[in-house]
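The chain is numbered in sequence order, starting from 1.
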Amino acid sequence: MGMLSAIERTAIERAQAAPMLERTMAWAAINSGTRNMAGLASMATTLADAFSVLPGTLELVAPDPVETVTPGGIVEPLAHGRHLLVTVRPEAPVQLLFTGHMDTVFGADHPFQAIHWLEDGRLNAPGAADMKGGLSLLLAALEAAEASPLAARFGYTVLINSDEETGSLSSRALIARAAQGKAAALTYEPALPDGTLAGARGGTGNFSLVVHGRSAHAGRNPEEGRNALVAAAALAVMLAEAKAPGLSVNPARIDGGGPNNVVPELAILRVNFRPGDAAATARAQAALEAAIVRVAADHDVRIALHGSFNRPPKPIDAGAARLFDLVRDAGGDLDIPIAWKATGGVCDGNNIAACGVPVVDTMGARGGAIHSTEEFLIPESLPERAALSVLTILRLAERGRP
C-alpha cells in the first residue's frame, strides 16, 4: 500500500474484516424484484436491521405515487416498495450522500433464484453484483468510518431505494432532496470485472403513446374505421428515423389489435430514448411532439403521451473529475488501479449529478453479466472495494470536498 496514515490503515483493516460475503449471500437469497412487494418489504426490513448499527435516524419512506399504462390503455397506479433512508450528523460541516438500491430485475416468478459457486470462484446469484454486494461493502465502509477519529467531521445520508431498476420513478424526488447540500456522492452500482468504473453516462426516457382510433368491420365498412395499430406503427417508424449521433431511439413494443375482421381502435407504442446530452434530449422531445402531430393528422386518430425523460445525461464536469481523481489516488495508495470510461447505461448517479453534486456511481463490487442468469460477483472485490470506499470517505471528510 502507498501513503496511508495510521487512522486510514486502521479503518481499512476494520472494513475488510466485516462479514461482507455472508451478508451478500443472505441478501441475495431474498427475492426483491421491483414488482415483488412482499420480497421488497422483507428486503427493506432486513436492510433496516443491518444499517441500524449506524448512528442517526433510520426510516422507511413511502414511495411517491407512480402511474402506468396497461396493455389495455388504462392509466392506473403502480405499486412500489418503501425506500430506506438513514441520516447521520446533519449538522456536520461536510455532508456526503451514499446511494444504492434493494431491488433487482428478477421477479418472484423468474427462474434465477438460487446461489451457485462457479468453478473459478465467482459467486453466481441474483443481485449479487447488482447490487447486494455493493450494499454490503457500503455498510462495512461506513461502520469503519464511524469507528474512526474523523467521524465527527462529516455527516451523511444513506438512501437505498426500491425502484432503481425501473427508473426510480417513486424515489426521484427523494433522491433530489437527499442530494441537496452534499459535497459529494458515492453510488454502489457494480464496477466492471477488471475494476473499471463508469464515467460519463447518457440519459434515458421511456414513453407510452396511447393511440385511439375507431373500430369498424374490416369487410363491410373498413373506410369508417381508423386503424390505431397502423397509426402506432407509423409512429414507431417516424420515431426510429429520429435516431442520430448522440441519440438512440428504440421503439420496443406495440400493444393492441384484435380480431382479423375488426379495425383496431386502440394501440399503445412503447419507446425508449437514449440521449447523450441535453441537446439530444431536446431533439428527442421535439421528435416526439412532431410525430404525434403528424400521425394524428395523417391517420385521424387521438394520441395521448405518457412518460418522461427520467434520467438526465451525466457528463463529467470539473467537480466530478476531481472526485474521480480522489478515488483514483485512493486506489493508487491501495495498489488498486482505477480507470473509468463512458457508458450508455443509466442509474441514480444521473439524477444525483443533475442536482449539481459530484458523483462516482460504480463504487460497488466487481462483477458482470448483470441482468442475466449468468450474473456473477467476484468475492475478493468485497474487501478490496470496501477499503477503497472507506479511504475515499475519510479523505473527503478531511478535505471537505473533492
Side-chain angles (χ1 to χ4, degrees), residues 32 34 40 43-44 47-48 51 54 56-67 78-88 90 94-105 130-132 134-135 138-139 142 154-190 198 200-206 275 278 281 307-317 319-320 323 343 345-364 389 393 396 402:
S32 55
T34 315
L40 284 172
M43 192 72 230
L47 289 174
F51 279 79
L54 301 174
T57 61
L58 183 151
E59 55 185 318
L60 291 172
V61 181
D64 287 341
V66 176
E67 292 182 333
L78 183 63
H80 285 79
R82 293 186 294 174
H83 315 299
L84 178 66
L85 189 70
V86 181
T87 306
V88 177
V94 180
Q95 291 294 316
L96 304 176
L97 174 62
F98 305 100
T99 70
H101 61 87
M102 68 181 78
D103 62 323
T104 75
V105 300
D130 187 22
M131 63 181 323
K132 293 174 180 179
L135 297 178
L138 166 61
L139 179 55
L142 290 175
F154 75 102
Y156 55 90
T157 298
V158 178
L159 171 56
I160 303 174
N161 58 1
S162 68
D163 63 345
E164 191 278 338
E165 295 292 9
T166 54
S168 302
L169 299 178
S170 79
S171 59
R172 182 166 48 182
L174 182 60
I175 293 169
R177 293 195 298 272
Q180 291 180 4
K182 299 301 192 291
L186 302 176
T187 295
Y188 284 79
E189 295 291 345
R201 293 182 182 270
T204 189
N206 291 292
T281 302
S308 66
F309 290 96
N310 59 301
R311 297 201 192 279
K314 189 197 82 172
I316 300 298
D317 60 15
L323 181 57
T343 176
V346 295
C347 74
D348 287 336
N350 291 67
N351 303 73
I352 295 167
C355 297
V357 178
V359 58
V360 174
D361 54 31
T362 38
M363 292 294 287
S389 276
I393 293 167
L396 284 168

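Legend: ring-ring contact (aromatic ring centres under 6.0 Å, His included) pairs involving residues 154-173, not counting sequence neighbours, sorted by first then second residue: F98-Y156, F154-Y156. Residue pairs meeting the salt bridge (charged side-chain N to carboxylate O under 4.0 Å, His left out) criterion with at least one member in residues 95-105: none, sequence neighbours excluded.
Taking the side chain to side chain contact (heavy atoms under 4.5 Å, CB included) definition, one finds that A179 meets it with L97, C355, V357, sequence neighbours left out. Remark: E67 pairs with V75 by the side chain to side chain contact (heavy atoms under 4.5 Å, CB included) rule, at least two apart or across chains. Remark: R201 pairs with D361 by the salt bridge (charged side-chain N to carboxylate O under 4.0 Å, His left out) rule, at least two apart or across chains. For H80, the side-chain hydrogen bond (donor to acceptor under 3.5 Å, both in side chains) partners at least two apart in sequence or on another chain are R35. Looking at residues two or more places apart in sequence or on another chain, you find no side chain to side chain contact (heavy atoms under 4.5 Å, CB included) involving A62. Scored by the side chain to side chain contact (heavy atoms under 4.5 Å, CB included) test, S32 finds L40, M43, T104, K132 as partners (sequence neighbours excluded). Applying the salt bridge (charged side-chain N to carboxylate O under 4.0 Å, His left out) criterion to E164, with sequence neighbours excluded, gives R311. In this structure, the side-chain hydrogen bond (donor to acceptor under 3.5 Å, both in side chains) partners of N206, at least two apart in sequence or on a different chain, are N272.
Between the side chains of D163 and H101, not a single donor N or O lies within less than 3.5 Å of an accepting N or O.
Taking every heavy atom of both residues into account, Q95 and V88 meet most closely at OE1-O, 4.5 Å. The shortest heavy-atom contact between S162 and R82 is CB-O, 3.5 Å. Among all heavy-atom pairs drawn from V346 and N350, the shortest one is CA-OD1, 3.6 Å. Across K314 and A353, no two heavy atoms sit closer than the pair CG-CB, 3.3 Å. In terms of heavy atoms, R172 sits closest to S308 at NH1-OG, 3.6 Å. Minimum interatomic distance between L60 and A44 (heavy atoms only, all atoms of both residues): CD2-CB, 4.0 Å.
Between atom CG of residue L84 and atom OG of residue S171 there is a gap of 12.0 Å, rounded to the nearest 0.5 Å. For the atom pair L174 CG and H83 NE2, the distance stands at 6.5 Å (nearest 0.5 Å). Between the CG atom in L78 and the OG1 atom in T166 there is a gap of 7.5 Å [rounded to 0.5 Å]. Atom CG of L85 and atom CD of E59 lie 5.0 Å apart (nearest 0.5 Å). Between the CG atom in N351 and the CG atom in N310 there is a gap of 7.0 Å [rounded to 0.5 Å].
Using a 4.5 Å cut-off on side-chain heavy atoms (C-beta onward), V86 and T57 make no contact. Two residues are said to be in side-chain contact when any heavy atoms from C-beta on lie closer than 4.5 Å; L139 and F51 meet this criterion.
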Side-chain donor-acceptor contacts of residues 181-188 below 3.5 Å, not counting sequence neighbours, with atom names and distances?
residue: K182; atom: NZ; partner: T157; partner atom: OG1; Å: 3.4
residue: K182; atom: NZ; partner: A178; partner atom: O; Å: 2.7
residue: T187; atom: OG1; partner: T99; partner atom: OG1; Å: 2.6
residue: Y188; atom: OH; partner: S389; partner atom: OG; Å: 2.8

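Proximity of a side-chain donor or acceptor of D348 to a complementary backbone N or O of I175 within less than 3.5 Å is not detected.
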